[in-house]
Amino acid sequence: MSDSPKGFETLQIHAGASPDPATGARQTPIYQTTAYEFRDADHAAALFNLQEVGYIYSRLTNPTVAVLQERIATLEGGAGAVCCSSGHAAQIMALFPLMGPGKNVVVSTRLYGGTVTQMSQTIKRFGWSAKFVDFDDVDAIRAAVDDDTRAIFCESIANPGGYITDLDAVAEVADSVGLPLIVDNTTATPYLCNPIKHGATLVVHSTTKFLTGNGTVTGGCVVDSGKFDWSASDKFPSLSAPEPAYHGLKFHEALGPMAFTFHGIAVGLRDLGMTMNPQAAHYTLMGIETLSLRMDRHCENAMKVAKWLEADDRIDHVTYAGLESSPYNHRVAKICPRGASSLFTFAVKGGYDACVKLIDSLELFSHVANLGDTRSLIIHSASTTHRQLSEEQQRAAGAAPEVVRVSIGIENADDIIADLDQALTKATA
Ligand SMILES: *Cc1c(COP(=O)(O)O)cnc(C)c1O
């Protein structure tokens, strides 16, 4: 492609890909191979020393996965990206070079349920910890940062829906304390929000969701903006200090804006092994080709359904940020001007029991622990994804016992509404 700037709709199809040099295959082939033959012994040595970029072994790099990495990095406006086996793997891969025993990350209380568990429980096994803060209170974020803090973490449009983070305000705090801001952009996708433009250092994705878009494969991605100065302090030795496993290479000094990405491949994937397989990359590449079309439709349908629910007597309240009644509606224009995605919650009059009956009465909706599918999905977060949390944590995360979470699909909006209507009649009879 020529160097003239291209629109999102063009890049989602073309970025990172060109016809296969060996066969001319127009679609990116699935390079189903574990290893790549070295030209000779010198070539092998240069690759292992990171003096030359190339393929060695598919735990580290694979040509199909590499196309997806470049595609997502381009759509997010980043310098580089590393794909991995799931969204949760991406979060560990993002934190791994920054953290160490005794170090902490300041995180938003409004997060995907699995992330709350990962951050509050599992990372302790590495000697890491997380401090949970209400990210609407920037002074509280600043107050939570201490000498051992190594990152600030939040979601752009946060699970389980209806909340939009003021990324610019959070990035200003991160900047002022010299820490990287990591933003999980899964729910928004780069079509609706570009966290890097709002000051994020790293963007993580569960590619399992809207990016793949049809509920076929799990995957994750870490995009680096390439803008953070890892050498400005001694807080990030993995990136700024000599790496013994690479003859004393200093990643940041040697690789500049690609330091985090190379470290992710050469150390993160090499030693943690949370690699994306080429089949998964293929499905996700297929999905991304239609991302803009799907997200426009997801947002349009979500708005119609949210408005209908809000006007219905059987509903207590709806938390879709696209609604004027939402306290986060004013952030849509700034953070995600094309729409507030299609994930939100609503409370049914009749509480917990009515929620359970509603879910059991729906026919078109699928009752699953997933989001971002072409299909409309529903879940009662309090009894499933947020089950491991205390009721206080559930409420803080927007997953109170009386609410259900929906991910509105791209079906006909009238059919989605008709299904909710008949199920609500049964649930509130
Ligand atoms: C699903 C999800 C994750 C975890 O991703 P997996 O691919 O399931 O590991 C993380 N963050 C958000 C916002 C998610 O929706």
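We count ligands from 1, going down the list as the structure has it; atoms in each ligand are counted the same way. All residue numbers refer to positions in the sequence shown, counting from 1. Not measured: the values here are computed from a predicted model.
Only the side chain of Thr208 comes within contact range of ligand 1, with a heavy atom under 4.0 Å; no backbone atom does.
Residue Gly219 places a heavy atom under 4.0 Å from ligand 1. At least one heavy atom of Leu371 sits less than 4.0 Å from an atom of ligand 1.
In terms of heavy-atom proximity, Met274 sits nearest to Ala89 at SD-CB, 3.3 Å.
Closest to atom 6 (P) of ligand 1, if we only count protein heavy atoms, is Gly87 N, 3.3 Å. For atom 10 (C) of ligand 1, the nearest protein heavy atom (residue, atom name, distance) is Gln91 OE1, 3.3 Å. Looking only at heavy atoms of the protein, atom 13 (C) of ligand 1 is closest to Asp184 OD2, 3.3 Å. The closest protein non-hydrogen atom to atom 15 (O) of ligand 1 is Lys209 NZ, 2.8 Å.
Near Asn159, meaning under 4.0 Å from any of its heavy atoms, are these atoms of ligand 1: 13 (C), 15 (O). Using a 4.0 Å cut-off to heavy atoms of Glu155, the atoms of ligand 1 that qualify are 13 (C). Residue Ser86 approaches ligand 1 through these ligand atoms, each under 4.0 Å from one of its heavy atoms: 7 (O), 9 (O).
For Lys334, the NZ atom counts as densely surrounded, since its 6.0 Å shell holds more than 12 non-hydrogen atoms of other residues, nucleotides or ligands.
Checking only distances, Ser206 does come within under 3.5 Å of ligand 1, N or O to N or O.
Side-chain atoms of Thr165 and Arg331 form no donor-acceptor pair, as typed in the model, at a separation below 3.5 Å. The closest side-chain donor-acceptor pair between Thr28 and Thr64, if any, does not fall under 3.5 angstrom.
Of the charged side-chain nitrogens involved, none lies within less than 4.0 Å of a carboxylate oxygen, so that Lys426 and Asp360 do not count as a salt-bridged pair.
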Name the atoms and distances for all side-chain donor-acceptor pairs under 3.5 Å in residues 99-107, with sequence neighbours left out.
unit_1 : atom_1 : unit_2 : atom_2 : d
Lys103 : NZ     : Asp148 : OD1    : 3.3
Asn104 : OD1    : Thr149 : OG1    : 2.8
Asn104 : ND2    : Asp146 : OD1    : 3.0
Asn104 : ND2    : Asp146 : OD2    : 3.4

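Side-chain N or O atoms of Asp224 include none that pairs as donor or acceptor with a backbone N or O of Gly80 at under 3.5 Å. With hydrogens and angles disregarded, no donor-acceptor distance shorter than 3.5 Å links the side chain of Arg297 to the backbone of Leu293.
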